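One structure is given below, encoded as structure tokens.
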Amino acid sequence: MKRTATPQKTAQEYAIRLAVDDAARLHALAELFPGQPLEGILTDLLRAALDEIGAAMPYERGPKVISNDDHGDPVYEDIASPRNSWN
């Protein structure tokens, strides 16, 4: 797993308990990257999973402005995302 820069980390730590099978798979993967800390492998896996989920979620701009971003530009509601059906 190749990294170009160390991303800024949160002050909050997250602790998880894995299923035994997932832990075994994680340790098997770690053996392929000797010297790479387990935390780094977990971070890379989580980042890749979140990127993949984000890319798979459709976005369709709605008519309603729900906020403004850091530059003052409008942020429109998302009318195509599956998360809108969770409400």
Side-chain angles (χ1 to χ4, degrees):
M1 298 187 182
K2 188 176 181 181
R3 291 193 200 142
T4 55
T6 303
Q8 184 177 0
K9 295 187 178 187
T10 64
Q12 181 174 350
E13 293 184 10
Y14 299 88
I16 58 170
R17 294 184 65 176
L18 300 175
V20 173
D21 289 346
D22 291 338
R25 293 169 62 194
L26 177 62
H27 285 278
L29 180 62
E31 290 178 7
L32 298 174
F33 299 95
Q36 177 74 13
L38 200 54
E39 179 185 357
I41 293 171
L42 282 166
T43 300
D44 289 345
L45 288 171
L46 182 58
R47 183 181 307 116
L50 291 171
D51 287 347
E52 190 172 319
I53 290 169
M57 295 183 86
Y59 170 78
E60 186 175 333
R61 185 175 119 172
K64 182 179 174 184
V65 175
I66 58 171
S67 68
N68 292 308
D69 67 12
D70 294 341
H71 303 286
D73 296 321
V75 175
Y76 294 88
E77 70 178 332
D78 180 2
I79 60 173
S81 175
R83 67 180 164 247
N84 285 335
S85 64
W86 296 348
N87 296 336

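This is a predicted model, so every value here is computed, not measured. In what follows, every heavy atom counts, from backbone to side chain, and hydrogens, waters and symmetry copies are set aside.
Smallest separation of non-hydrogen atoms from R61 and I79: O-CD1, 4.1 Å. Listed here is the closest heavy atom pair of Q36 and D44: NE2-OD2, 4.2 Å. When all heavy atoms are compared, the tightest approach of V65 to Y76 is CG2-CE2, 3.4 Å. Across all non-hydrogen atoms, the minimal contact from I66 to E77 is CG2-CB, 3.7 Å. Nearest approach of V75 to N68, heavy atoms of both residues: CG2-C, 4.1 Å.
Of the inter-residue distances, the one linking L42 atom CG with Y14 atom OH reads 14.5 Å to the nearest 0.5 angstrom. Atom CG in L50 sits 11.0 Å away from atom CG in L45 (nearest 0.5 Å). The CD atom of E52 sits 14.5 Å away from the CZ atom of R47 when rounded to the nearest 0.5 Å. Summarising the geometry, atom CG belonging to D21 is positioned 8.0 Å from atom CZ belonging to R25; distances are rounded to the nearest 0.5 Å.
Side-chain atoms of H27 and L38, non-hydrogen and from C-beta on, do get closer than 4.5 Å to each other. Looking only at side-chain heavy atoms (C-beta outward), L32 and L29 come within less than 4.5 Å of each other.
With hydrophobic clusters built from ILVMFWY side chains whose heavy atoms lie under 4.5 angstrom apart, F33 does not share a cluster with L46. I16 and V20 sit in two unconnected hydrophobic clusters of ILVMFWY residues. Membership requires side-chain heavy atoms under 4.5 Å apart, directly or through other members.
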